[in-house]
J.: 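Got a structure for you, written out below as structure tokens; questions coming shortly.
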Amino acid sequence: MSSVRVENLWKKYGKVEAVRGVSFEVKEGEFTVLLGPSGCGKTTTLRCIAGLELPNEGKIYFDHDDVTPLSPADRNIAFVFQLYALYPHLSVYDNIAFPLRAEGLPREEVRKRVEEVVELLQIRDLVSLKPRKLTSGQKQRVALGRAIVRRPRVFLLDEPLSNIDAKLRETTRAELKKLQKSIHATTIYVTHDQVEAMTMADKIVVMNFGDIQQIGSPHEVYHYPANLFVARFIGSPGMNFIPGEITRRETVGIMVNGASFIPLHGEQAEAVERISLSSSQVVVGVRPENVLVSPEVEAVLEGEVYVFEPLGAQNIVTFRVGTHLLKALLPGDTMFSRGERVSLGLKEIRIFDAQSQKLIA
Amino acid sequence: MLKLSIQDLTKKFGRKTAVSNLSLGVESGKITVLLGPTGAGKTTTLRCVAGLEKPDQGTITIEGQVVNDYPPKDRDVAFVFQNFSLYPRYTVFENIASPLRIRGLRQEEIAQKVKEVASFLHIDHLLDRRPIFISGGEMQRVAIARALVRRPKVFLLDEPLTNLDAKIREEMRTELKRLQGEMESTFFYATPDQAEALSMADTIAVIHHGHLVQVGTPTGIYHQPVNMFVADFVGSPGMNFIPASVEGETVNVGPGYFSLPLSPEMRKACAEQATSKEVFLGIRPEDVLIRFEAQEGFYPALVEVVEPLGVLQIVRLRLNHHFIRVRSEENAHFPVGEKVFFGLKEGKVRLFDGKSEKRIW
């Protein structure tokens with residue numbers, strides 16, 4: 001398998017700039033997810049890598065080879081649209097052998113390569129079965145086997161799980177991640193679902209409006225989102241925001257809602273002191289799991305229960321705080337009713353510049 | 001008070017029975033969710049209520065009136081479809097206003113109602129646009145606004161959020177629940193998404209193969225599922241099951257893997273309900289603990305897949321021939337392939353009959 005490098009990729013459709021100067025790298029064997037809402041340019045980027053679209057500007061490299069001028073067929077990629085699409089009338093063996101036979105490889109070579117894949121994916125017991133006899137997990141293995149038997153340089157997947165039941169998606173996700181690791185396949189995976197990105201990716205490329213918003217590990221994009229867009233898009237529910245103002249008392253802190261003072265400590269205090277903000281307006285970001293009901297932490301805000309959503313293991317409680325809404329992720333055994341007044345504390349806050357919307361600390 | 005009552009509803013398409021002998025009441029001012037996988041009979045049930053399908057058997061009663069012989073327009077229900085369709089040549093305003101125009105309301109009254117519902121759904125800035133110039137999420141909001149603009153007796157919503165991006169889906173869930181609460185309208189809502197059901201519903205009716213399997217509150221369904229289907233379907237991930245056998249005062253996972261003591265109440269339940277000594281031991285992912293060292297009550301397993309989700313991680317552990325999924329909220333790092341020890345939280349173990357798959361405990 002190869003590494004992939006995308007350099008300053010631009011793609012326009014008439015006046016619409018679908019992809020605007022995108023650059024990123026995918027290491028050999030790495031699982032990279034292009035994540036963003038509809039229309040963010042993720043699929044266009046993938047199609048440029050596949051050679052299905054010709055970029056207006058920019059280069060695409062597989063290892064050190066510039067593949068930008070090559071046709072899809074000459075790039076040696078595997079583009080997987082759906083993980084369950086198999087030829088129903090062919091056995092597992094013949095399904096996997098199909099692309100090799102289509103290429104006209106000699107019998108002996110076909111046998112050897114199918115054997116290798118069968119071994120790798122541990123599907124020896126299934127080779128003579130027809131697809132309808134397989135479980136969904138097995139079908140997925142076979143579909144993947146058919147894709148890797150050609151020894152592609154990179155795997156490209158465009159929302160392969162979007163058409164299956166939510167329930168099945170959960171198991172498929174874990175299976176796919178395990179398989180990808182075991183065959184060490186360079187993978188670029190497009191999705192709008194942050195859960196898929198978080199759970200499977202080594203590296204997430206978050207996109208919006210044709211631009212890259214952040215490149216990072218799941219841990220980085222979750223805990224240190226580069227800007228408000230990423231902070232809100234990642235996480236379920238996303239990060240909460242409350243506008244505030246940097247205020248100096250005995251210590252430096254942030255005044256929110258006109259009345260509540262959140263003191264800052266350590267690195268965050270230093271960062272706020274260090275940078276000279278164009279204005280003192282900031283946005284305080286807090287993850288729903290870090291909105292706590294006092295007396296667990298010192299209360300800084302008063303809220304009123306607005307919507308209560310149980311999820312079994314956890315509950316999402318939306319509080320109205322002044323004119324803002326704050327979502328909290330609380331243990332499954334907590335109960336609230338609408339209109340109830342609650343004191344809230346915040347933990348592990350993030351501070352964003354209100355103007356540029358970028359992370360300060 | 002019941003707004004809608006379905007009695008012994010059966011609907012066949014040719015030889016296929018889509019809905020079988022289904023009876024269900026929908027309470028006034030509440031959200032009743034019909035939850036089930038694709039093909040369970042959810043849409044058919046809703047369509048029978050709306051009058052879009054004629055039942056083979058059974059009665060539909062709305063506000064005490066049997067409506068079986070009423071055409072759809074006389075039932076005073078509003079239907080929101082999964083594949084929402086808007087009038088492409090009308091503006092958003094005219095789309096929302098269309099049901100009011102049909103009913104011949106005065107111009108000012110129409111304008112007022114449309115603006116009210118549009119601001120409710122945060123689409124007031126789109127009123128002058130035509131559908132092709134707004135996003136998918138906005139289109140669905142317009143479709144919902146069109147249903148909400150009049151006050152029908154019952155809202156029938158058929159997977160209204162399924163075709164939306166994951167992020168918008170999550171936000172719309174809270175919005176819809178808030179709207180329904182403030183309007184005190186009656187929702188009969190079909191979805192295959194258990195998170196949607198748990199978070200929105202006052203009552204959940206689980207349907208499978210056209211049969212009603214369980215009716216209850218979100219908490220009831222989550223904590224006291226009637227069988228393995230419900231236990232697996234509800235929750236993310238669903239409940240874990242391990243085959244085991246009941247012998248005397250213990251339940252054994254074998255051979256010789258581990259044993260758990262049975263309380264006198266559990267033994268009694270097994271004696272009364274179990275068809276044989278073969279059972280499934282059920283445990284929710286949040287009720288499993290992981291340790292790195294061996295200790296009393298903890299059993300060995302291998303870490304197979306780790307799925308980070310930011311706030312928590314889902315760890316898949318391989319037991320002998322099975323795997324279990326664990327929701328770990330700790331920040332611990334679990335290396336794939338490593339041996340760990342898992343334990344089951346006391347009082348959280350469930351038992352299911354090995355044959356009927358019904359819950360015994």
Side-chain angles (χ1 to χ4, degrees), chain A residues 36-40 162 164-171 173-178 181 191-201 217-219 221-223 232-239 287-290 306-316 318 325 327 329 331-333 335 338, chain B residues 37-39 135-137 162 164-171 173-179 181-182 191-201 217-219 221-223 232-238 284-287 304-316 323 325 327 329 336:
Chain A
S38 309
C40 73
S162 61
I164 58 174
D165 258 354
K167 210 65 220 173
L168 188 55
R169 208 178 300 150
E170 267 167 25
T171 13
R173 225 167 54 195
E175 279 298 329
L176 188 60
K177 177 170 183 169
K178 193 174 136 214
K181 284 277 163 277
T191 182
H192 61 78
D193 186 345
Q194 61 92 25
V195 175
E196 282 175 30
M198 287 291 290
T199 50
M200 293 193 289
S217 68
H219 184 86
V221 297
Y222 190 83
H223 293 283
R232 182 164 163 266
F233 199 78
I234 302 274
S236 171
M239 195 180 264
R287 291 261 170 228
E289 63 271 24
N290 295 326
Y306 190 56
V307 182
F308 179 76
E309 299 173 84
L311 282 174
Q314 285 170 315
N315 298 324
I316 300 172
T318 308
L325 295 179
K327 289 193 175 190
L329 208 53
D333 52 8
M335 278 301 264
R338 257 187 83 184
Chain B
T38 313
S135 73
T162 298
L164 301 179
D165 267 16
K167 201 73 214 174
I168 304 170
R169 198 154 61 209
E170 196 181 279
E171 292 171 3
R173 212 164 71 187
T174 316
E175 277 301 297
L176 268 182
K177 180 163 181 172
R178 175 188 63 93
L179 264 172
E182 287 180 12
T191 180
D193 183 342
Q194 58 88 31
E196 233 168 86
L198 285 175
S199 65
M200 296 181 67
T217 62
T219 338
I221 298 272
Y222 190 79
H223 293 287
D232 173 49
F233 196 73
V234 176
S236 172
R284 289 263 175 219
E286 61 271 26
D287 296 327
E304 194 171 58
V305 184
V306 179
E307 300 180 280
L309 277 167
V311 50
L312 55 98
Q313 45 190 342
I314 297 168
V315 184
R316 194 162 99 173
F323 62 77
R325 291 163 302 189
R327 269 171 83 105
E329 287 173 30
V336 170

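When reading the values below, keep in mind they use all heavy atoms of this one structure, side chains included, and skip hydrogens, waters and symmetry mates.
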J.: Do the side chains of B:Ile314 and A:Thr199 get nearer than 4.5 Å, heavy atoms only?
T.: no

J.: Is A:Phe308 in contact with chain B via its backbone, its side chain, both, or neither, using a 4.5 Å heavy-atom distance?
T.: backbone

J.: Given a strict heavy-atom distance threshold of 4.5 Å, which part of B:Glu175 is in contact with chain A: side chain, backbone, both, or neither?
T.: neither

J.: Between A:Glu309 and B:Arg178, does any side-chain N to carboxylate O distance fall below 4.0 Å?
T.: no

J.: To the closest 0.5 Å, what do you measure between OH (A:Tyr306) and CD (B:Glu182)?
T.: 5.0 Å

J.: Would you mind telling me which of B:Arg284, B:Arg173, B:Gln194 has the largest number of heavy-atom pairs within less than 4.5 Å of chain A?
T.: B:Arg173

J.: With only heavy atoms counted, which part of B:Val336 is less than 4.5 Å from chain A, the side chain, the backbone, both or neither?
T.: neither

J.: Should B:Arg325 and A:Thr171 be marked as a side-chain contact (heavy atoms from CB on, under 4.5 Å) after you check the CA-CA gap, both sets of side-chain angles, and the distance that decides it?
T.: CA-CA 10 Å; B:Arg325 291 163 302 189; A:Thr171 13; 4.0 Å; yes

J.: Quick check on B:Ile168 against chain A: is it the side chain, the backbone, both or neither that has a heavy atom closer than 4.5 Å?
T.: neither

J.: Relative to chain A, which segment of B:Thr38 carries a heavy atom at a distance below 4.5 Å: side chain, backbone, both, or neither?
T.: both

J.: Look up atom CD in A:Gln314 and atom OG in B:Ser236, then write down how far apart they are to the nearest 0.5 Å.
T.: 10.0 Å

J.: Check whether A:Leu329 gets within reach of chain B through its side chain, its backbone, both or neither, counting any heavy atom under 4.5 Å.
T.: side chain

J.: Taking the side chain as C-beta and beyond, is there a heavy-atom pair between B:Val305 and A:Arg173 under 4.5 Å?
T.: no

J.: Just wondering, do B:Glu170 and A:Lys327 contact through their side chains at under 4.5 Å, heavy atoms?
T.: no

J.: So that I can tick it off, tell me whether A:Arg232 and B:Glu171 are bridged by a salt bridge, with the cut-off set at under 4.0 angstrom between side-chain N and carboxylate O.
T.: yes

J.: Measure B:Gln313 against the heavy atoms of chain A and call it side chain, backbone, both or neither at under 4.5 Å.
T.: neither

J.: Taking atom types as modelled and ignoring hydrogens, do the side chains of A:Ser236 and B:Lys167 form a donor-acceptor contact shorter than 3.5 angstrom?
T.: no

J.: Measure the NZ-CZ distance between A:Lys178 and B:Arg316 for me, rounded to the nearest 0.5 Å.
T.: 5.0 Å

J.: Rounded at 0.5 Å granularity, tell me how far OG1 in A:Thr191 sits from CG in B:Asp165.
T.: 8.5 Å

J.: Before accepting this row, confirm whether a basic side-chain N of the pair B:Glu307/A:Lys177 lies closer than 4.0 Å to the acidic partner's carboxylate O.
T.: no

J.: Would you mind checking which part of A:Ile316 comes under 4.5 Å of any heavy atom in chain B, side chain (CB onward), backbone (N, CA, C, O), both or neither?
T.: side chain

J.: Verify side-chain contact (heavy atoms from CB on, under 4.5 Å) between A:Tyr222 and B:Val311, making sure each step is shown before the conclusion.
T.: CA-CA 9 Å; A:Tyr222 190 83; B:Val311 50; 3.6 Å; yes

J.: Can you tell which part of A:His219 gets under 4.5 Å to a heavy atom of chain B, answering side chain, backbone, both or neither?
T.: neither

J.: Under a 4.5 Å cutoff for heavy-atom pairs, which residue among A:Pro218, A:Ser38, A:Ala201, A:Pro37 has the most contacts with chain B?
T.: A:Ser38

J.: Let's test your reading of the structure: which of B:Ala195, B:Pro237, B:Ala201 forms the most heavy-atom pairs below 4.5 Å with chain A?
T.: B:Pro237

J.: Could you tell me which non-hydrogen atom of B:Gly310 sits nearest to which non-hydrogen atom of A:Met198, and how far apart they are?
T.: N-CE, 3.4 Å

J.: Counting heavy-atom pairs under 4.5 Å to chain A, which of B:Ala166, B:Gly181, B:Pro308, B:Pro218 comes out on top?
T.: B:Pro308

